[in-house]
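Shown next, in structure tokens, is the structure this report addresses.
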Amino acid sequence: MKHPLPARPEHIGVLRLSALGDVCNLVPTVRALQRQWPEARITWIIGKGEHSLLAGLSGVEFVVYDKASGIAGMRELWRELADTRFDVLLHMQQALRASVLSLGLKADVRVGYDKARAKDAQHWFTHRQLAPHPRAHVVDSFLDFARLLGVEELSAQWDLAIPEAAFEEAAGLTGDAPYVLMSPCANPRLRNFRNWSAEGYAAVVEHAWVQHGLTTVLTGGGSTQEREMGSRIQALSQPGAVIDAIGASSLKGLLALIARARAVVAPDSGPVHMANALDTPVVGLFATTNPDRAGPYRWRDFVVNRYPEAVTTYLHKDPETLPWGQRVRHPDAMSLIRADDVIRNLEALLAASSTRKETEPSDEA
């Protein structure tokens, strides 16, 4: 017998710890739940860094779990929520650690992915599973949770919180001049292989500087790899064309930098999805991951997509035959992206965003 779903939930639990791009892609589901049940309480159990990004999201209570704290941190979180019972827990993290964490949470019904999408045997930890949705974008996969609960209005909306202090932080790094934001490095996880070349980025910097008078602001974390990449790009660029802000901003400051940018250029990484959430024009660089599944949701038409070519070149397979979401873990895959491709898409993006701004209704009475 299936566990019944609440017709009108009063307290909804959301379990999604990471990562930065994924939590951005989940926000439309929260907004859809809020539109359907504006009086419902929503508690989101989230990772520490991800909370720094989304803190202040309207109508959401956050409970933070620091993944570095391990089992001890889980026990502390369970104690914190000992008197809390959810009408429904949306288990939206396909990882064993999150499933173990879910065991200490009280919920009338636990909802997870269908078997085709579940990883790490997540379906063993849930009462109800989503209906199958083959070849879905990540945003749409998250929205499937709201759909299962009976939400009909599923338009993707974000409305992220950016405090004024973050805009002041951003202005302190860039001044008032217009700029392109470039986040050259993805998460340096083992065998990630999502980074493009310094030479390719420098060619895009040169084009933005010479053709449009746009400075390029480099952003990223403070790792050695990212700092070295920033230094190489700057060394290959004209004096004044680059502002190296790698390791210099908070996550809220990064949101503000993205919000103020004319456009963003980045590989498959958090900033691509932050830009999408803020509706800042973005050129995503994709070869090792499939942009039809994980590209910037509102700006997929401007992605430089070399994933099909990478699949045939390095996996020797037809992309249509691969499991949905399979990555190309080859160190040369991103070299399939050419600077001319990125420049062409950046030009199209700048033209499209300018046209859109001209046709948007004025805020003036």
Side-chain angles (χ1 to χ4, degrees), residues 162 166-167 169-186 195-220 226 229-246 248-249 253-286 291 295-296 298-306 334 337-360 362:
I162 309 177
F167 284 108
E169 176 187 336
L173 291 169
T174 66
D176 296 326
Y179 59 88
V180 170
L181 184 138
M182 184 177 284
S183 183
C185 294
N195 294 347
W196 197 35
S197 67
E199 292 75 15
Y201 284 123
V204 179
V205 169
E206 176 77 4
H207 180 84
W209 179 250
V210 172
Q211 298 300 321
H212 298 282
L214 293 171
T215 304
T216 296
V217 176
L218 303 179
T219 63
E226 289 167 290
M229 174 67 88
S231 296
R232 294 202 326 262
I233 294 169
Q234 190 162 33
L236 292 166
S237 302
Q238 293 189 41
V242 171
I243 296 172
D244 188 350
I246 292 176
S249 71
L254 176 56
L255 276 181
L257 284 167
I258 291 171
R260 296 173 70 244
R262 285 281 307 278
V264 170
V265 178
D268 181 17
S269 57
V272 161
H273 303 291
M274 295 177 206
N276 175 74
L278 297 169
D279 208 19
T280 296
V282 53
V283 177
L285 312 182
F286 283 71
R298 296 192 277 198
W299 299 97
R300 282 173 282 180
D301 289 346
F302 299 93
V303 164
V304 177
N305 180 13
R306 289 291 171 265
M334 290 294 284
I337 294 175
R338 296 176 288 275
D340 286 348
D341 299 328
V342 182
I343 290 169
R344 185 183 312 112
N345 283 24
L346 178 61
E347 280 294 317
L349 186 74
L350 291 172
S353 59
S354 296
T355 300
R356 188 167 72 168
K357 284 182 180 178
E358 290 171 3
T359 58
E360 285 176 349
S362 173

Under 3.5 Å, which donor-acceptor pairs link side chains of residues 171-185 to any protein atom two or more places apart or in another chain?
| unit_1 | atom_1 | unit_2 | atom_2 | d |
| --- | --- | --- | --- | --- |
| Thr174 | OG1 | Ala170 | O | 3.2 |
| Thr174 | OG1 | Arg260 | NH1 | 2.8 |
| Tyr179 | OH | Leu257 | O | 2.6 |

N/O donor to acceptor pairs below 3.5 angstrom from side-chain atoms of residues 234-245, sequence neighbours left out:
| unit_1 | atom_1 | unit_2 | atom_2 | d |
| --- | --- | --- | --- | --- |
| Ser237 | OG | Ile233 | O | 2.7 |
| Gln238 | NE2 | Glu206 | OE1 | 3.1 |
| Gln238 | NE2 | Glu206 | OE2 | 2.9 |
| Asp244 | OD1 | Ile246 | N | 3.1 |

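Counting heavy atoms from C-beta on, the side chains of Trp299 and Val283 never come closer than 4.5 Å. Side-chain contact between Pro296 and Val303 is present, with heavy atoms from C-beta onward closer than 4.5 Å. Between Leu278 and Ile162 the shortest side-chain heavy-atom distance falls below 4.5 Å. Side-chain contact between Thr215 and Trp209: present, with at least one pair of heavy atoms (C-beta onward) separated by less than 4.5 Å.
One distance of note links OG1 of Thr216 with CZ of Arg262; it measures 12.0 Å at 0.5 Å rounding. Distance CG/Asp340 to CD/Glu347: 11.5 Å, rounded to 0.5 Å. Here the straight-line distance linking atom CE of Met334 with atom CZ of Arg306 works out to 11.0 Å at 0.5 Å rounding. Here the straight-line distance linking atom CG of Asp341 with atom CG of Leu346 works out to 12.5 Å at 0.5 Å rounding. With values rounded to the nearest 0.5 angstrom, Arg338 atom CZ is found 12.5 Å from Ser197 atom OG.
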*Are Ile258 and Leu254 close enough, and set up right, to give a side-chain contact (heavy atoms from CB on, under 4.5 Å), and what steps lead you there?*
CA-CA 6 Å; Ile258 291 171; Leu254 176 56; 4.0 Å; yes

*Run the numbers on Leu285 and Val265 for side-chain contact (heavy atoms from CB on, under 4.5 Å), then give the verdict.*
CA-CA 8 Å; Leu285 312 182; Val265 178; 4.3 Å; yes

_Worked verdict on Val304 versus Phe286 for side-chain contact (heavy atoms from CB on, under 4.5 Å)_ = CA-CA 6 Å; Val304 177; Phe286 283 71; over 6 Å; no

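Of all non-hydrogen atoms in Ala263 and Leu349, the two that sit nearest each other are CB-CD2, 3.9 Å. The heavy-atom pair separating Gly284 from Val272 by the smallest distance is CA-CG2, 4.4 Å. When all heavy atoms of Ala339 and Gly200 are compared, the closest pair comes out as CB-O, 4.3 Å.
Tyr201 meets the ring pair (Phe, Tyr, Trp, His ring centres under 6.0 Å) test with Trp196; sequence neighbours excluded.
Checked by atom type and distance alone, the side chain of Asp268 never pairs as donor or acceptor with a backbone atom of Gly295 at under 3.5 Å.
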